[in-house]
Amino acid sequence: MEAAKSLKVNSVKNKSKTSSTKNTISKVKEITYTILIYAELIFMCFIVLFPVVWIVGSSFNEGTSLAGATPIPSNPTIAHYVELFEKTNFAKWYLNTLKIAVINMLFSVFLSTTMGYIFARFRFKGKKPALISILVLQMFPSFMGMTALYILFLTFNLLDNHWALILCYSAGQIPYNTWLIKGYMNSIPKELDESAMLDGATKGQIFFKIMFPLIQPIVSFVAVTTFMTPWMDFIFPRLIISSNHKLTLAVGLYDMISGNSQNNFTMFAAGCVLVAVPITLVYISMQKFLIEGMTAGANKG
């Protein structure tokens, strides 16, 4: 009996040792995975933030070259920011880009949301071919139509005119945004529309008072993406706009460093910092809606 008891005690002890060893190994693995994940995140943050810190620091460096620029300047100066407004049309370029971005955002949001509402809630002949056509149009790069657009704007005397950019940006972003908003609206029950119609609401009232408040996340996402387009685009404004005082920021800043005698790289860095300010503010202020819009559009589309 005593031998059997001792065997049982030893087996219990061995099991406890084995389980404790397994727990220790699992904890070590968990800690190792956590360290690796945080190390990867820190490394990626360094890769993303270093160029930002470097360009911001370069804008405060003395001189005009980026060769000796450092992320943390020894003698910081704001002379490049002052020269940017005094020696160039930067303020005019800024206002031009802001005007184009705001009007483009308003037009794109209105056209995309109304088209998304029509395709999501109405039944009509040619609906499916129209949706397929919109989908196919997204497959062709915008470069293919630049020559045709140039000839078209030349015919209607719209060259060197901001409205040419606004019309192209607004129309070009409709296909993708329409599909995005339509997919989001399809996730909203149609019973809401039917109950509102029973109460005497019109289609317009249903859209503005019921649907529009419910689709704010995806509308915010579309608004931010369409707002950003004029700030980033270079090729199309370069083709359409020729007057210096009508240039957008991307083209104007490029002209500062494009010539053989142009070496205003630190001033160019200052301009890049100022260009990033509105985009950063928009992203920070609408971060919640952006995340909701991206996740909802991906899962419900």
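Owing to the predicted nature of the structure, the values given are computational and were not obtained by experimental measurement. Residue numbers run from 1 in the order of the sequence given.
- Within a 6.0 Å radius of CZ in Phe156, no more than 12 heavy atoms belonging to other residues, nucleotides or ligands are found.
- Val53 and Phe60 end up in different hydrophobic clusters when Ile, Leu, Val, Met, Phe, Trp and Tyr side chains are linked at under 4.5 Å.
- To the nearest 0.5 angstrom, Phe207 atom CZ is 12.0 Å from Ile210 atom CD1.
- Taking CZ of Arg238 as the start and CG of Asp255 as the end, the distance is 4.0 Å to the nearest 0.5 Å.
- By the neighbour-count criterion of 12 heavy atoms within 6.0 Å, atom CZ of Phe124 is densely surrounded, having more than that number from other residues, nucleotides or ligands.
- Dense packing is recorded around CZ of Phe122, with more than 12 heavy atoms of other residues, nucleotides or ligands lying under 6.0 Å away.
- For the residue pair Pro230 and Ala101, the shortest heavy atom distance occurs at CG-CA, 3.6 Å.
- Contact annotation: the side chain of Phe227 approaches that of Leu98 to within less than 4.5 Å [non-hydrogen atoms, C-beta and beyond].
- Between Asn104 and Gln173 the shortest side-chain heavy-atom distance falls below 4.5 Å.
- Side-chain polar atoms of Thr229 and Asp233 form no donor-acceptor pair below 3.5 angstrom.
- Ile78 CD1: 12 or fewer foreign heavy atoms inside a 6.0 Å radius.
- Side chain of Ser170 to main chain of Leu167: no donor-acceptor pair is present (N/O by atom type, distance under 3.5 Å, no hydrogens or angles).
- Applying the side chain to side chain donor-acceptor pair (under 3.5 Å) rule to Asn244 yields the partners Asn89; only residues at least two apart in sequence or on another chain are considered.
- The two atoms that bring Met185 and Ala120 nearest to each other are CB-CB, 3.8 Å, heavy atoms only.
- Residue Lys92 places its NZ atom among 12 or fewer non-hydrogen atoms of other residues, nucleotides or ligands, all under 6.0 Å distant.
- Criterion: ILVMFWY side-chain heavy atoms under 4.5 Å apart, direct or through other members. Under it, Leu95 and Met105 are not part of a common hydrophobic cluster.
- Checking side-chain atoms of Ser112 against main-chain N and O of Val109 turns up no donor-acceptor pair under 3.5 Å.
- Applying the salt bridge (charged side-chain N to carboxylate O under 4.0 Å, His left out) test to pairs two or more places apart or on separate chains, none has a residue in residues 29-58.
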What verdict does the side chain to side chain contact (heavy atoms under 4.5 Å, CB included) test give for Ile235 and Leu239, after you've listed the backbone C-alpha separation in whole Å, the side-chain angles of each residue and the deciding distance to 0.1 Å?
CA-CA 6 Å; Ile235 296 178; Leu239 178 69; 5.7 Å; no
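- Judged by distance alone, the side chains of Asp160 and Ser243 do bring a donor and an acceptor atom under 3.5 Å apart.
- Annotation for Asn157: atom CG does not count as buried by contact number, only 12 or fewer foreign heavy atoms lying within 6.0 Å.
- Atoms CG and CE, from Leu49 and Met44 in turn, are 10.5 Å apart once rounded to the nearest 0.5 Å.
- Phe46 and Leu36 sit in two unconnected hydrophobic clusters of ILVMFWY residues. Membership requires side-chain heavy atoms under 4.5 Å apart, directly or through other members.
- Annotation for Thr77 and Asn61: closest pair CG2-O, 3.9 Å, computed over non-hydrogen atoms.
- More than 12 heavy atoms of other shown residues, nucleotides or ligands fall within 6.0 angstrom of atom OH in Tyr81.
- Within the 4.5 Å cutoff, no side-chain heavy atoms of Tyr117 are placed close to those of Ile215.
- Counting only distance, with no hydrogens or angles, the side chain of Asn161 and the backbone of Trp163 share a donor-acceptor pair below 3.5 Å.
- In the hydrophobic clustering of ILVMFWY residues, with side-chain heavy atoms under 4.5 Å counting as a link, Tyr254 and Leu165 come out together.
- Using modelled atom types, one side-chain atom of Thr226 and one backbone atom of Ala223 make a donor-acceptor pair closer than 3.5 Å.
- Closest approach of Ile55 to Val273, counting heavy atoms only: O-CG2, 4.2 Å.
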For Tyr184 and Leu214, what are the C-alpha separation, side-chain angles and deciding distance, and is it a side chain to side chain contact (heavy atoms under 4.5 Å, CB included)?
CA-CA 10 Å; Tyr184 192 91; Leu214 294 175; 5.8 Å; no
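- Minimum interatomic distance between Met197 and Lys203 (heavy atoms only, all atoms of both residues): SD-NZ, 3.7 Å.
- Under the 4.5 Å side-chain contact rule for hydrophobic residues, Val48 and Ile279 do not share a cluster.
- Counted within 6.0 Å of NZ on Lys209, heavy atoms from surrounding residues, nucleotides or ligands total 12 or fewer; the atom is thus considered open.
- With a 4.5 Å cut-off on side-chain heavy atoms, Phe85 and Leu274 count as touching.
- Summarising the geometry of Cys168 relative to Phe153, their closest heavy-atom pair is SG-CZ, 3.3 Å, with the distance given to 0.1 Å.
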For a side chain to side chain contact (heavy atoms under 4.5 Å, CB included) check, start with the C-alpha distance between Met256 and Leu84, then their side-chain angles and the critical distance, and finish with the verdict.
CA-CA 10 Å; Met256 288 171 48; Leu84 193 64; 3.8 Å; yes
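- Using bins of under 30°, 30° to 60° and over 60° for the plane-to-plane angle, the ring pair Phe208/Phe212 lands in the tilted bin.
- Within the 4.5 Å cutoff, side-chain heavy atoms of Leu149 are placed close to those of Phe236.
- In this structure the side chain of Val282 never reaches within 4.5 angstrom of the side chain of Met228, judged on heavy atoms.
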How far apart are the C-alpha atoms of Met211 and Ile181, what are their side-chain angles, what is the distance that settles it, and do they pass the side chain to side chain contact (heavy atoms under 4.5 Å, CB included) test?
CA-CA 11 Å; Met211 296 296 296; Ile181 294 175; over 6 Å; no
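- The backbone N or O of Thr248 sits nowhere less than 3.5 Å from a side-chain atom of Asn96 that would complete a donor-acceptor pair.
- To the nearest 0.5 Å, the span separating OG1 on Thr88 from CG on Leu253 amounts to 8.0 Å.
- At a threshold of 4.5 Å between non-hydrogen side-chain atoms, the residues Ile241 and His162 count as touching.
- Taking 4.5 Å as the limit, some side-chain heavy atom of Tyr150 sits within range of a side-chain heavy atom of Leu159.
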